[in-house]
Chemist: 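Have a look at this one before I ask anything.
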Amino acid sequence: RNSPPYTLKDIRGPPSPSFWLGIEKVFHHALVGDLEFRWVREYGPTWMAKGCLGEEVLWTADPHALQYVFHTSGYKFFKGIVLDKISHLTTGDSMAVQDSVDHQRHRKIMNPAFGAAQLRSFLPAFRRSAARLSQKWKETIQLGEKTDSCIINVENTLSRITLDVFGEVAFDHRFGVFDNNGEHSELAQAFNNLYVDSSLHPPSWDLIFKATWRYLPRSVLSCVKYLPTKEYRHSSTFLQTAIRTGKALISEKAAGKRSGKDIMSILLQSNLSEDTRFRLSDREMHSQIAVLLISGHSTTSLSLTWLLYELSKHPADQRRIRDEIKAARALAEARGDDDLLPSDLNDMSFTNAVIKEGLRFHPIVPTLIREAKEDCIIPLAQPIETKSGKIVQEISILKGQGIRGSVCAYNRLKSVWGEDADEWNPDRFLHSKKEGSSLGVFSNLMTFSAGNRACIGWRFAILEMQALLVELIENFEYRLPEGVEITRLYAGFMIPMVASKIDEGVQMPLQVSLVN
Ligand code: HEM
């Protein structure tokens, strides 16, 4: 080592506006990414910022630091008491709150349901739901004043169709949310505004309250769910609904009413291990349904929503995708196939480059939170200057210190993506020399995280995005409506809202026209 290990105290970063709130309040009110992009410009890809009660937190977008924290260090970092507790409130004893050996046990049972071959069998269901969505938009347009175009809140319909298709492929169950706007679905109601209620613009008292959790005994923390605020009430209601739904689905399967190749059936099958130590308990199994519901549909629908937003600003890219679809369809027809196969979707190089650029530009999980379980040294790819002017290439972290992995800032690092990293340019993925990924599970992006806790559903998400995007670009053109300003806010996920209509909740109104 050519320099002594520097601790968090030595690392430069933005000044803290207050001891009580640190940068937390400002962070939760800023447009997603704006502060982190600015801090990277000012301090380099690694900096220190104080959280509530003066807590020193290391923020990093540095590829080596991210690789170490999320991948090579194994289970040396966990999500921290606050995130664990919040995840527990909404997903019970799911894999999202497990650590070390238990987490490995959960992943082992879940993995078979997310293999590439298994996922390919979901494509017809994705394509059917894409066709339903497209039919619905056509009807909406034809009923409108102009008959060839109208403004559609694409976020709302995408979120409902992805929940329905998730019910089908994950549980062999029809939630029926898409057709009736979710009015008769207890589950859809439980989802309604879940993220906004729980995480948008948290009040100061709550940020400070959460910062005290690390000092509270577990018995006190277990009472948090009874707090009469929107966040805690809504999270508990969601969990109860999801667990009730899970129990009903599992008993239907046990009674032989449903069977098949859906995710739940494979999970139940893979939980039949002879050795009970490797099985999931009933409670863990029900909780898995909650985590799958939370992570399995709004993630994809929000990512697609942001992608359509970006395409609305880049009509030439829409045309290029449409040309590619035409060529792929011609090949499929020549083969005698009615629809595109997974291999056709994978061969559409520009369309896939657009999906990658969308995931790079708008990662819906913009920041990942971790806490060190033991002292360790974090390596840096890009050296930084300390407060005393030393240039350092590693930082010493103590047990209990917090880390924020800045996915949005890493995804725009010039050293990784080139000088035009802040611009939308799908072609970068066509011309990049390096194939495969060196960080994360997909295309060198951190969007699905990395290592043993990386997104288990990333292949699922890509296939579903391909299937929906092809339908939605083949049939429609998108533009931003006049005078509408979309804003990116943090509510657990990066959500879109209309700047002047925050009180209307999550939405992405786009001008959608029929393709001539
Ligand atoms: C574009 C869509 C998606 C994105 C951007 C995304 C992103 C992520 C990220 C960043 C994590 C890591 C969170 C952390 O470590 O704090 C994660 C975990 C997870 N994701 Fe996804 N996800 C997507 C789609 C999906 C889908 C479709 C499923 C299920 C079908 C899914 C299931 C999960 C699960 C179960 C975990 C927890 C894994 C664990 O703790 O081991 N995700 N996802």
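Model, not experiment: these values are computed from the prediction. By convention here, the first residue in the shown sequence is residue 1.
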Chemist: Can you list everything that forms a ring-ring contact (aromatic ring centres under 6.0 Å, His included) with Phe126? Sequence neighbours excluded, please.
Modeler: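 Residues passing ring-ring contact (aromatic ring centres under 6.0 Å, His included) with Phe126: Phe460.
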Chemist: Could you check whether His201 and His29 have their ring centres less than 6.0 Å apart?
Modeler: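 When the ring centroids of His29 and His201 are compared, they turn out to be within the sub-6.0 Å range.
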Chemist: I want to check a possible cation-pi pair here: Arg412 against Phe361, using under 6.0 Å from ring centre and within 45° of the ring axis as the test.
Modeler: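 That pair qualifies as a cation-pi contact.
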Chemist: Got a sec, which residues hit side-chain contact (heavy atoms from CB on, under 4.5 Å) with Lys146, two or more places apart in sequence or on another chain?
Modeler: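 Lys146 satisfies side-chain contact (heavy atoms from CB on, under 4.5 Å) with Asp148, Ser149, Gln511 only.
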Chemist: Report the residues that fulfil ring-ring contact (aromatic ring centres under 6.0 Å, His included) with Phe77, sequence neighbours left out, ordered by chain and then residue number.
Modeler: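 Phe77 satisfies ring-ring contact (aromatic ring centres under 6.0 Å, His included) with no other residue.
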Chemist: Can you tell me which residue pairs pass the salt bridge (charged side-chain N to carboxylate O under 4.0 Å, His left out) test with a partner in residues 299-310, sequence neighbours excluded?
Modeler: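 For residues 299-310, and leaving out neighbouring residues, the salt bridge (charged side-chain N to carboxylate O under 4.0 Å, His left out) pairs sorted by first residue read Glu310-Lys313.
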Chemist: Flag the pair Arg132 and Glu168 as a salt bridge only when some basic side-chain nitrogen lies within less than 4.0 angstrom of an acidic carboxylate oxygen.
Modeler: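 No, no charged N to carboxylate O under 4.0 Å.
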Chemist: ring-ring contact (aromatic ring centres under 6.0 Å, His included) with Phe27: which residues, sequence neighbours excluded?
Modeler: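 Partners of Phe27 by the ring-ring contact (aromatic ring centres under 6.0 Å, His included) criterion, ordered by chain and then number, come out as Trp59.
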Chemist: Taking the six-membered ring for Trp, are Phe448 and Phe442 parallel (under 30°), tilted (30 to 60°) or perpendicular (over 60°)?
Modeler: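 Rings of Phe448 and Phe442: perpendicular, over 60°.
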Chemist: Under a 4.0 Å N-O cut-off, is there an ion pair linking Lys136 with Glu139?
Modeler: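 No, Lys136 and Glu139 are not salt-bridged.
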Chemist: Could I get the full list of side-chain hydrogen bond (donor to acceptor under 3.5 Å, both in side chains) partners for Asn411, not counting sequence neighbours?
Modeler: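 So Asn411 forms a side-chain hydrogen bond (donor to acceptor under 3.5 Å, both in side chains) with Thr447.
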Chemist: Are any of the side-chain nitrogens in Asp206 or Lys210 under 4.0 Å away from the carboxylate oxygens of its partner?
Modeler: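 Salt bridge present between Asp206 and Lys210.
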Chemist: Please enumerate all residues that pass side-chain contact (heavy atoms from CB on, under 4.5 Å) together with Ala316, with sequence neighbours excluded.
Modeler: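 With sequence neighbours excluded, Ala316 shows a side-chain contact (heavy atoms from CB on, under 4.5 Å) to Arg319, given in chain and number order.
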Chemist: Which pairs with one or both residues in residues 29-41 pass salt bridge (charged side-chain N to carboxylate O under 4.0 Å, His left out), sequence neighbours excluded?
Modeler: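 Qualifying pairs, neighbours excluded: Asp34-Arg488.
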Chemist: How would you list, by chain and number, every residue that makes a side-chain contact (heavy atoms from CB on, under 4.5 Å) with Thr237, sequence neighbours excluded?
Modeler: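 Testing Thr237 for side-chain contact (heavy atoms from CB on, under 4.5 Å), a comparison that skips the adjacent residues, returns Thr241.
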Chemist: Any donor-acceptor pair under 3.5 Å linking the side-chain atoms of His173 with those of Glu252?
Modeler: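 Result is no, nothing qualifies.
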Chemist: Phe493: which residues meet the ring-ring contact (aromatic ring centres under 6.0 Å, His included) condition with it, sequence neighbours left out?
Modeler: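 Applying ring-ring contact (aromatic ring centres under 6.0 Å, His included) to Phe493 gives Tyr195.
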Chemist: Between Trp417 and Asn444, is any side-chain donor less than 3.5 angstrom from a side-chain acceptor?
Modeler: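 Their side chains do not contain a donor-acceptor pair, so the 3.5 Å distance test is not met.
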Chemist: Evaluate Ser159 against Ser301 for side-chain hydrogen bond (donor to acceptor under 3.5 Å, both in side chains), listing each step before the verdict.
Modeler: CA-CA 5 Å; Ser159 145; Ser301 65; 4.6 Å; no
Chemist: Determine yes or no for a side-chain-to-main-chain donor-acceptor pair under 3.5 angstrom, with Asp317 supplying the side chain and Leu311 the backbone.
Modeler: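 Absent.
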Chemist: Going by the side-chain hydrogen bond (donor to acceptor under 3.5 Å, both in side chains) test, which pairs reach into residues 82-98, not counting sequence neighbours?
Modeler: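 Checked against side-chain hydrogen bond (donor to acceptor under 3.5 Å, both in side chains) - neighbours excluded - the pairs reaching residues 82-98 are His88-Asp93, Thr91-Ser94, Asp93-Arg283.
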Chemist: Kindly say whether Ala190 contributes a backbone atom to a donor-acceptor pair with the side chain of His234 at under 3.5 angstrom?
Modeler: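 Present.
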Chemist: Does any N or O in the side chain of Asp323 come within less than 3.5 Å of the main-chain N or O of Arg320, such that one atom is a donor and the other an acceptor?
Modeler: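 Not confirmed, Asp323 side chain does not pair with Arg320 backbone.
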Chemist: Give a yes or no on whether a salt bridge exists between Arg428 and Asp420, defined as a side-chain N under 4.0 angstrom from a carboxylate O.
Modeler: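 Yes, this pair counts.
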Chemist: What is the minimum heavy-atom distance between Pro14 and Trp47, and which atoms define it?
Modeler: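 Reported closest heavy-atom pair: CD-CD1, 3.7 Å.
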Chemist: Would you say Thr351 and Glu324 are linked by a side-chain donor-acceptor pair, where the criterion is simply a distance under 3.5 Å?
Modeler: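 Result is yes, a qualifying pair exists.
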Chemist: From Asp164 CG over to Phe175 CZ, what is the distance, rounded to the nearest 0.5 angstrom?
Modeler: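 The CZ atom of Phe175 is 8.5 Å from CG of Asp164, to the nearest 0.5 Å.
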Chemist: Within the distance-only criterion (no hydrogens, no angle test), does the side chain of Asp427 pair as donor or acceptor with the backbone N or O of Leu430 below 3.5 angstrom?
Modeler: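 Judged by distance alone, no pair lies under 3.5 Å.
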Chemist: Pair up each side-chain donor or acceptor in residues 462-480 with any protein partner under 3.5 Å, not counting sequence neighbours, and list the distances.
Modeler:
| unit_1 | atom_1 | unit_2 | atom_2 | d |
| --- | --- | --- | --- | --- |
| Gln466 | NE2 | Asn346 | OD1 | 3.1 |
| Gln466 | NE2 | Asn352 | OD1 | 2.8 |
| Glu471 | OE2 | Ser134 | OG | 3.0 |
| Glu471 | OE2 | Asn475 | ND2 | 3.1 |
| Glu474 | OE1 | Arg329 | NH2 | 3.1 |
| Glu474 | OE2 | Arg329 | NE | 2.6 |
| Asn475 | OD1 | Lys138 | NZ | 3.3 |
| Asn475 | ND2 | Glu471 | O | 2.9 |
| Tyr478 | OH | Leu472 | O | 2.6 |

